[in-house]
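A short worksheet on the structure shown next.
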Amino acid sequence: MTEIKKIGILTSGGDCAGLNAVVLSVVNSAAQLGWEVYGIHNGTDGVTETPLSYELLTERNFSDTPWPRLAGSYLGSLNKGVKMESQAEISARFGKGVAELGLDAVVVVGGDGSMNIVSNYCRNAGVKMVGIPKTIDNDTPLTQYSVGFDSACKVCTDAVDALWKTARSHQRALILEVMGRDAGHLAMRSAVAGFADVCLVPEIPYTVDGIIKKLKSIKAKGRNHAVIVVSEGVHTETGEMVSNTKNLIGEKINGGIGEYLSSAINAKYSEFQTRVTKLGHVQRAGDPTAFDRALACAFGAKAVELLKAGHTDVMVALNGDKLVTYPLEEVVAEGTTLLNKDSVYVKAAIDMGMYVGEIK
Ligand code: F6P
């Protein structure tokens with residue numbers, strides 16, 4: 001077993017709150033062992049592009065800044081997608097960059113996509129890796145929570161609360177479109193926490209008539225306002241993806257379902273005026289909650305403990321109140337964790353009278 005003296009850390013994929021707390025935890029835990037920690041800038045770009053871009057992070061120069069308490073990624077991140085055919089070439093550059101820095105292993109803070117792509121580089125280049133799950137989508141497999149999800153739920157719930165106030169003033173049905181990619185965790189959790197009236201997620205089919213039926217029942221009970229939460233990955237009633245933009249490798253990106261629903265509802269029912277709020281990237285930028293900060297610290301410290309024990313090529317995960325690890329291959333094979341229709345939060349929503357789609 002090679003003795004670890006120097007490790008790298010990078011954040012990859014869409015940013016979220018809590019990333020800098022992970023970095024702090026890794027830096028401080030590693031410092032207790034006398035290791036050096038190099039922060040790699042802009043995801044894997046910092047070691048695959050020329051010149052290399054990185055910095056030495058120490059307890060002194062990192063803890064003593066506001067960054068561990070802030071959202072965003074101090075190190076910078078990368079969310080551009082990578083084509084399969086480019087992976088061999090990038091892996092070679094990755095291995096060369098890591099060797100040039102003299103790193104004994106790399107901690108990768110990422111979601112399901114990054115676990116896949118970066119673990120592939122590491123395997124191809126013979127670099128030891130420990131993964132830490134993060135994403136506002138909470139769809140990283142095999143972990144109950146990823147860093148950043150709780151903080152994003154807070155932003156979305158605050159938005160539902162805010163919309164409820166203005167919906168009430170103007171007697172409107174306000175639609176909030178939230179992120180989450182193809183998973184409805186963020187929408188469902190914040191809809192329940194915000195006591196919304198309707199929540200649509202990609203995992204559960206819906207009908208516009210079902211939404212209207214709910215709005216009519218609200219009206220019949222004497223309430224003149226409603227809040228509808230919709231996850232960006234929800235398709236039209238007839239199953240088409242709504243998108244008005246593409247990523248850097250030309251794939252369509254979700255976005256616009258809120259506007260579609262607004263027109264579809266108003267085409268059949270005009271008792272409530274509708275308006276749409278697309279929450280966008282503020283969901284990734286709220287202050288990290290206590291839960292996310294503590295989770296980030298637990299994950300970061302565990303990653304260092306694993307490296308010390310020579311246990312690599314794994315991802316750290318939370319299971320109940322226990323930290324566990326899974327081989328990266330298993331994580332990648334698992335794919336994405338979608339919202340389970342039997343989830344306690346879906347059940348709570350239904351039991352409270354929320355319309356969540358057509359559940360058989
Ligand atoms: O995966 C995190 C996430 O915020 C998704 O919820 C969203 O679909 C996507 O990233 C947006 O990515 P970008 O910032 O590249 O538009």
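Everything numeric in this text was worked out from a predicted model, so none of it was measured. In each ligand, atom 1 is the first atom listed, and ligand 1 is the first ligand listed.
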For E232, the atoms of ligand 1 under 4.0 Å from one of its heavy atoms are 5 (C), 6 (O), 7 (C), 8 (O)
| task | Say whether, by atom type as modelled, one donor and one acceptor occur between the side chain of K221 and the main chain of K216 under 3.5 angstrom. | result | no
among protein heavy atoms, the one nearest atom 2 (C) of ligand 1 is D137 OD2, 3.4 Å
**Request:** Please determine, by modelled atom types, if E55 and Y74 share a side-chain donor-acceptor pair under 3.5 angstrom.
**Result:** yes
of all protein heavy atoms, closest to atom 9 (C) of ligand 1 is R181 NH2, 3.7 Å
Quick look: Q283 vs ligand 1, heavy-atom contacts under 4.0 Å, and the answer is neither
One should read off an interatomic distance between S77 OG and L10 CG, to the nearest 0.5 angstrom, of 8.0 Å
**Item:** Q87 and S91 side chains, donor-acceptor separation under 3.5 Å
**Value:** no
Quick look: I136 vs ligand 1, heavy-atom contacts under 4.0 Å, and the answer is side chain
the protein heavy atom lying closest to atom 3 (C) of ligand 1 turns out to be R284 NH1, 3.5 Å
Q. Would you say N254 touches ligand 1, if touching means a heavy atom closer than 4.0 Å?
A. no
If the plane angle is over 60° it's perpendicular, under 30° parallel, otherwise tilted; pick one for Y121 and F94.
tilted
inquiry  = Quick one about D112 and T140 (side-chain donor to acceptor, distance below 3.5 Å, no hydrogens or angles considered), yes or no?
reply    = no
Salt bridge (charged side-chain N to carboxylate O under 4.0 Å, His left out) filter on K154, not counting sequence neighbours, yields D158
The atoms of ligand 1 lying under 4.0 Å from a heavy atom of H281, numbered in the order shown, are 13 (P), 14 (O), 16 (O)
task: Could you tell me whether some N/O pair between G180 and ligand 1 is separated by less than 3.5 angstrom?
output: yes
- Message: I'd like to know if G111 contacts ligand 1, where contact means a heavy-atom distance under 4.0 Å to any ligand atom.
- Response: no
In this structure, atom 15 (O) of ligand 1 is nearest to the protein heavy atom N79 ND2, 3.1 Å
If we ignore angles and hydrogens, is there a donor and acceptor under 3.5 Å between the side chains of S73 and D15? no
